[in-house]
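See below for the structure under consideration.
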There are 2 protein chains.
Amino acid sequence: MTRHEQNRTPAEPAGVDATMDDLVAAGSDMLLLDQQLCFSLNAASRAFGSIYRTALKDLGLTYPQYLVMLLLWEHGELPVKQLGERLRLDSGTLSPLLKRLEATGMVTRERSVQDERSVIVSLTEAGRDLREPARAVPRHIGAAAGLPLSDLRTLRELLTRLTANLDAAGA
Amino acid sequence: MTRHEQNRTPAEPAGVDATMDDLVAAGSDMLLLDQQLCFSLNAASRAFGSIYRTALKDLGLTYPQYLVMLLLWEHGELPVKQLGERLRLDSGTLSPLLKRLEATGMVTRERSVQDERSVIVSLTEAGRDLREPARAVPRHIGAAAGLPLSDLRTLRELLTRLTANLDAAGA
DNA sequence: CCCAATTCAATTGTGCACAACTAAATAGGC
DNA sequence: GCCTATTTAGTTGTGCACAATTGAATTGGG
């Protein structure tokens with residue numbers, strides 16, 4: 001019962017006042033819920049990755065590589081920094097990943113002329129050509145998810161808020 | 001960004017009847033939502049892992065190791081098979097992980113007498129002793145999540161359903 | 001202008017996730 | 001009982017995640 005102050009979290013969401021819930025949260029309910037949540041979040045993320053992996057196999061992309069390609073298909077080219085911010089990944093992960101994407105001929109990397117610290121990642125012709133066949137992928141995933149659009153929207157919303165709060169608290 | 005939507009606000013609140021949505025789902029909305037969902041699910045899972053990692057640092061556990069310990073604290077001992085089913089992990093991941101937990105003196109592994117194929121993972125005294133200090137961890141995470149209990153429950157429910165559907169579709 | 005602080009990418013080392021495979025034990029059909 | 005199919009862990013190889021560190025380029029204060 002050592003929690004009185006923690007409901008003033010950095011990003012208290014608007015909407016329902018949570019005082020009643022937070023009282024209960026002091027009990028064992030919270031422990032169990034948190035435990036179930038880390039199981040389910042972990043498992044769901046990896047299940048999502050699995051289904052993408054099979055769908056992406058023919059394209060020769062891994063799931064994280066696909067996420068990079070999604071951003072490049074949208075923006076054409078992006079500095080590593082931008083990719084990292086949007087994907088919540090650091091250069092320790094992105095550098096070797098981009099190296100592999102470069103090795104398979106999907107992207108090029110070159111130092112920015114304006115700022116020699118920055119590296120600009122651009123699509124190659126082959127990378128651009130992959131966009132069309134890749135359009136079939138999300139359709140396949142949407143079907144496999146088996147949830148109504150409203151639930152998927154709720155999920156996206158809650159996950160986004162959760163990430164923002166956790167990162168704010170961790171920073 | 002090819003924004004050509006006419007009447008659709010990006011973040012429509014849940015609860016609306018989804019039939020209309022499902023019709024639109026055949027269009028580009030679904031592609032975008034799916035894309036946002038794989039970003040947010042991926043990022044949230046890793047943000048969750050990050051916050052746990054810092055909280056677990058003093059206990060000398062990694063996040064996946066902690067998930068194993070949660071199950072062992074509840075059940076005392078479990079065969080590798082059971083751990084794998086509950087965590088959605090195969091022996092390729094669990095074997096080295098359990099080896100490390102054994103090396104740090106948290107668990108023991110021994111072949112079952114009834115079925116020599118099976119390996120039973122049990123808590124050591126040191127492993128059991130870790131349970132008390134570990135109770136502080138979820139409290140810390142609950143605070144950092146910054147979402148009301150009702151939202152966390154919704155999240156758990158949707159993620160569990162999503163995983164079940166995806167695994168069923170992928171099997 | 002100068003230099004300390006910051007930014008950005010890359011590298012190193014550890015651990016996890018997963019596919020593909022191996023090896024041993026068990027179960028089940030005949 | 002025998003033999004094949006299945007079950008269960010473990011091993012190997014690849015790729016991702018992340019902390020810690022390095023090195024180069026830039027920024028900003030004096």
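Protein chains get the first letters and strands the later ones, always in sequence-line order, with residue 1 at the start of each.
Regarding Asp90(A), its CG atom lies at a distance of 11 Å from the C1' atom of dA20(D), rounded to whole Å. Counting to the nearest Å, the P atom of dA9(C) and the CD atom of Glu116(A) are 12 Å from each other. In this entry the distance linking CG of Leu166(B) with P of dC18(C) reads 13 Å, nearest Å. Protein atom OH of Tyr52(A) is 19 Å distant from nucleotide atom C1' of dC18(C), rounded to whole Å. Protein atom CG of Leu83(A) is 11 Å distant from nucleotide atom P of dA10(C), rounded to whole Å. Here the C1' atom of nucleotide dA19(C) and the OH atom of Tyr63(A) are 18 Å apart, to the nearest Å. A straight line from CD1 of Ile51(B) to C1' of dA17(D) spans 16 Å, rounded to a whole angstrom. To the nearest angstrom, C1' of dT7(D) lies 16 Å from CD of Gln114(B).
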*Show the numbers, then the answer: is there a side chain to side chain contact (heavy atoms under 4.5 Å, CB included) between Thr160(B) and Phe39(A)?*
CA-CA 9 Å; Thr160(B) 303; Phe39(A) 283 173; over 6 Å; no

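Side chains of Arg88(A) and Asp167(A) form a contact here, defined as non-hydrogen atoms less than 4.5 Å apart.
For the pair Arg161(B) and Glu157(B), the salt-bridge criterion is met [side-chain N within less than 4.0 Å of a carboxylate O]. Using a 4.0 Å cut-off between charged nitrogen and carboxylate oxygen, Arg128(A) and Glu125(A) count as a salt-bridge pair.
Shortest non-hydrogen contact noted between Asp34(A) and Gly142(B) is OD2-N, 3.9 Å.
Atom NE2 of His75(A) has more than 12 heavy atoms from other residues, nucleotides or ligands within 6.0 Å.
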*Going 5' to 3' along nucleotides 8-15 of chain D, which nucleotides have protein heavy atoms under 4.0 Å from the base (write B), which only from the sugar-phosphate (write S), and which from neither (write -)?*
SBBB---S

